[in-house]
2 protein chains.
Amino acid sequence: MGVTIKDIAKSAGVSYSTVSKALRDSPLVKEPTKKRIIELAEQLGYQPNAAARSLVSKRSHTIGVVWPTIERAAHAALVTRLNKQLEQLSYTTLISINELEDAVKTFNRYQVDAILTFEEGTSQTDLDTLVPMVTYGIASGNTPYPVIDANRHKAIKAAVEHLIKMGHRHIGYVGDMQDKDRLQADKVSGFQSAVSSASLPVTGRLIQVSGLEQYDGYAAVKNMVQQHELPTAIVSGSHDLTKGILRAFHEQDLRIPEDISIISYDNLPQNEGMEVSLSTVGVPLDTVAEKLAEALMAAIEEKPLESAIYLEPELKISGSCRQFP
Amino acid sequence: MGVTIKDIAKSAGVSYSTVSKALRDSPLVKEPTKKRIIELAEQLGYQPNAAARSLVSKRSHTIGVVWPTIERAAHAALVTRLNKQLEQLSYTTLISINELEDAVKTFNRYQVDAILTFEEGTSQTDLDTLVPMVTYGIASGNTPYPVIDANRHKAIKAAVEHLIKMGHRHIGYVGDMQDKDRLQADKVSGFQSAVSSASLPVTGRLIQVSGLEQYDGYAAVKNMVQQHELPTAIVSGSHDLTKGILRAFHEQDLRIPEDISIISYDNLPQNEGMEVSLSTVGVPLDTVAEKLAEALMAAIEEKPLESAIYLEPELKISGSCRQFP
DNA sequence: AAAAATAATAACAACGTTGTTATTATTATA
DNA sequence: TATAATAATAACAACGTTGTTATTATTTTT
């Protein structure tokens with residue numbers, strides 16, 4: 001078993017309460033004593049016991065992330081960044097891949113200071129937790145916990161409006177339309193909203209894909225080409241779809257932006273490794289991570305949080321769109 | 001703050017030690033009392049405090065998984081399965097995506113009962129932990145902790161030997177050959193070992209890919225076709241590569257197994273959604289998860305563990321291989 | 001140089017739980 | 001019925017830490 005402050009105390013010839021204070025850098029301990037104790041602790045390989053600490057202080061300095069669907073890698077990059085953010089705030093991130101309810105139970109037992117959940121498709125039932133909870137998903141008013149919403153609706157809408165402004169009249173949206181997945185449905189509604197509220201007549205076509213992987217984007221384009229139904233501009237619902245779409249364009253000798261324009265929904269900072277300089281719309285991942293961290297901190301401090309926090313998507317236009325005709 | 005055994009005790013009119021015993025189903029408490037207390041606990045929404053519990057019992061019933069590279073999804077399926085396995089053993093899994101050293105520190109603080117690490121490419125330095133550690137990777141003798149090894153060498157070797165036995169004399173291996181990644185290097189060495197120890201003259205070609213994604217497999221085949229260097233059989237180093245390879249075959253109107261045979265390295269139980277019934281070799285994921293769980297439990301019980309545990313890969317031959325010529 | 005003020009350290013209670021020991025209530029034995 | 005044996009429950013210490021209060025050592029003031 002590990003080294004405790006009592007061991008250090010004995011070794012330093014002081015009381016254990018002095019050790020505790022020295023290690024927490026309290027001004028109640030004389031500087032030389034403090035230094036001696038800290039060095040000794042280092043030397044003995046002291047690791048504070050989180051159980052004891054959080055038992056008495058009621059704070060664990062830990063955030064629990066509930067992520068039952070790690071196999072769908074959707075949030076991997078976000079979690080990585082959030083982990084870094086929280087680390088800087090000297091919080092530790094712990095992940096559970098159990099179902100929401102079990103995960104929350106576990107985290108309750110562990111006395112995490114706050115819990116982050118992802119809304120993954122279906123909306124979640126409310127459950128009782130002792131600690132503040134924050135959700136990354138779609139704001140809908142009736143959740144008991146604050147929801148951070150990347151405003152996918154607004155993002156896609158902005159993309160479409162931009163294309164319309166550039167003269168495009170036939171625009172396609174490649175994505176998932178099954179309205180079970182609220183994240184995807186939100187994007188679709190953004191597309192439809194932009195098309196229907198356009199002052200000029202615009203044809204908006206929804207191209208349903210069966211999944212959100214690279215291959216699905218590829219197949220969608222191949223299909224459109226076969227049916228001779230290619231729009232002049234495409235909005236893609238996800239990064240992976242876009243990769244497939246670009247591959248298909250390439251194979252069909254369709255040039256971007258000469259033959260077709262494209263804007264991709266994306267959170268990633270820049271799309272390295274892409275053949276073309278891609279126009280994107282979405283809230284940058286770092287912003288999302290930052291806002292989530294902020295919301296979690298606020299929740300811990302028991303600051304009142306609005307039940308819905310909408311993040312502002314950014315439209316980044318580069319080489320993949322052109323004026324039409 | 002939450003409900004404690006003291007609250008339950010007060011509510012039930014018994015001492016808190018009786019509550020503790022009742023909830024742990026001790027025979028020292030009379031059956032009706034026990035029942036009453038358990039019901040009351042349920043009703044009050046009692047959640048045991050993990051900090052207090054592990055402080056006194058020195059056991060947290062938790063396994064820490066160190067997984068700094070979640071963005072590479074390689075182990076997602078395995079972790080999911082392991083999580084289930086451990087759940088059945090009434091252990092909770094907690095994941096940290098921090099760097100090994102930090103993650104171990106965190107888990108030490110949390111007094112997890114054991115730690116699992118993944119060997120991801122480079123071998124790991126040894127570090128001091130208070131709790132038993134197990135690694136999933138490549139056995140190499142000099143690690144201080146037991147390594148569970150899926151025996152990729154043997155797997156690939158078996159695949160190649162099978163192909164040789166079926167008459168193939170020109171066999172290609174599609175995979176990553178940079179010897180920084182020991183997991184991949186192990187497969188390559190299996191390939192080379194099979195080729196060089198064949199009793200008949202066999203041409204073994206290594207086809208280097210730049211990554212392990214679907215696209216890389218696709219590109220590898222396209223390249224081989226262009227150079228007119230197609231072998232009669234291919235061994236693929238990963239599931240994703242295989243998907244790309246199959247796509248490329250399809251596009252080139254290469255038929256499996258008529259024109260070319262293929263065996264894929266794989267841990268997944270069955271390759272659903274594949275066009276052809278694929279031959280695979282590898283340790284099934286469930287077996288890996290099971291063995292990892294076993295090793296962790298043994299480590300906790302302080303049973304002496306061998307420093308290297310080799311798992312037995314399974315060769316599953318189906319439609320994608322044929323006798324040659 | 002004695003008293004008062006302050007700095008430094010030590011002692012102690014508490015957090016919620018478990019395991020051990022002490023007490024009380026019940027039943028069995030003489 | 002009194003006493004021994006046993007069953008049921010209560011009391012208590014301990015786990016490693018923090019925050020508060022008590023004690024001792026040092027400095028300042030008169």
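A note on names: the letters A, B, ... follow the listed sequences, proteins ahead of strands, and every chain is numbered from 1. Keep in mind it's a predicted model, so treat the numbers as computed, not measured.
Regarding A/Arg59, its CZ atom lies at a distance of 22 Å from the P atom of C/dA14, rounded to whole Å. The NZ-C1' distance, from A/Lys10 to D/dG16, rounds to 14 Å in whole Å. Distance, A/Leu28 CG to D/dT20 C1': 11 Å, rounded to whole Å. The distance from atom NZ of B/Lys6 to atom P of C/dT18 is 12 Å, rounded to the nearest whole Å. Atom CG of A/Asp25 is separated from atom P of C/dA8 by 14 Å (rounded to the nearest Å). Atom OH in A/Tyr110 sits about 14 Å away from atom P in C/dT17, given to the nearest Å. Nucleotide D/dG16 holds its P atom 8 Å from the CD atom of B/Gln111, rounded to whole Å. One interatomic measurement links the two molecules: OH of A/Tyr16 to P of D/dG16, which rounds to 12 Å at whole-angstrom precision.
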With side-chain hydrogen bond (donor to acceptor under 3.5 Å, both in side chains) as the test, would you mind laying out the steps for A/Gln111 and B/Asn49 before giving the verdict?
CA-CA 8 Å; A/Gln111 303 218 132; B/Asn49 181 316; 3.1 Å; yes
Assess whether salt bridge (Lys or Arg N to Asp or Glu O under 4.0 Å) is satisfied between B/Glu31 and B/Lys34, documenting all intermediate values.
CA-CA 5 Å; B/Glu31 206 50 62; B/Lys34 200 188 281 182; 3.7 Å; yes
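Across every non-hydrogen atom of B/Thr62 and B/Tyr91, the tightest pair is N-CD2, 3.7 Å.
Candidate nucleotides D/dG19, D/dG16, C/dG19 were compared by shortest atom distance to the side chain of A/Arg24, and D/dG19 ranks first. Of the candidates C/dA8, D/dT17, C/dC15, the closest approach to any side-chain atom of A/Asn49 belongs to D/dT17. Distance from the side chain of A/Leu55 is smallest for C/dC15 among the nucleotides D/dT18, C/dC15, C/dT18. Considering only the side chain of A/Ser15, C/dA10 comes nearest among C/dT17, D/dG16, C/dA10. Listed nucleotides: D/dA8, C/dT17, D/dA10. Nearest to the side chain of B/Val14: D/dA10.
For B/Val56 and B/Lys34, each mapped to the nucleotide of DNA chain D holding its nearest heavy atom, the one lying further toward the 5' end belongs to B/Lys34. Residue B/Ser57 is the one, among B/Ser57 and A/Leu23, whose nearest nucleotide of DNA chain D lies closer to the 5' end (criterion: closest heavy atom).
With B/Asn83 contributing its side chain and B/Val79 its backbone, the two residues share no donor-acceptor pair below 3.5 Å.
A donor and an acceptor atom sit less than 3.5 Å apart, one in the side chain of B/Lys21 and one in the base of C/dT20. Below the 3.5 angstrom threshold, one finds a donor paired with an acceptor across the side chain of A/Ser17 and the base of C/dA11.
Residue A/Tyr46 has a polar side-chain atom (N or O) positioned under 4.0 Å from OP1 or OP2 of D/dT17. The phosphate of D/dG16 has OP1 or OP2 within less than 4.0 Å of a side-chain N or O from B/Lys58. When the side-chain nitrogen and oxygen atoms of A/Arg53 are compared with OP1 and OP2 of D/dG16, none of them lie within a distance under 4.0 Å.
Contact annotation for A/Thr33: backbone-only contact, meaning every heavy-atom pair under 4.0 Å involves sugar-phosphate atoms and none involves a base. Within the 4.0 angstrom heavy-atom criterion, base atoms lie near B/Ser20.
B/Glu39 and B/Arg36 are not joined by a salt bridge, as no carboxylate oxygen comes within less than 4.0 angstrom of a charged side-chain nitrogen.
A donor-acceptor contact closer than 3.5 angstrom links the side chains of B/Thr117 and B/Thr135.
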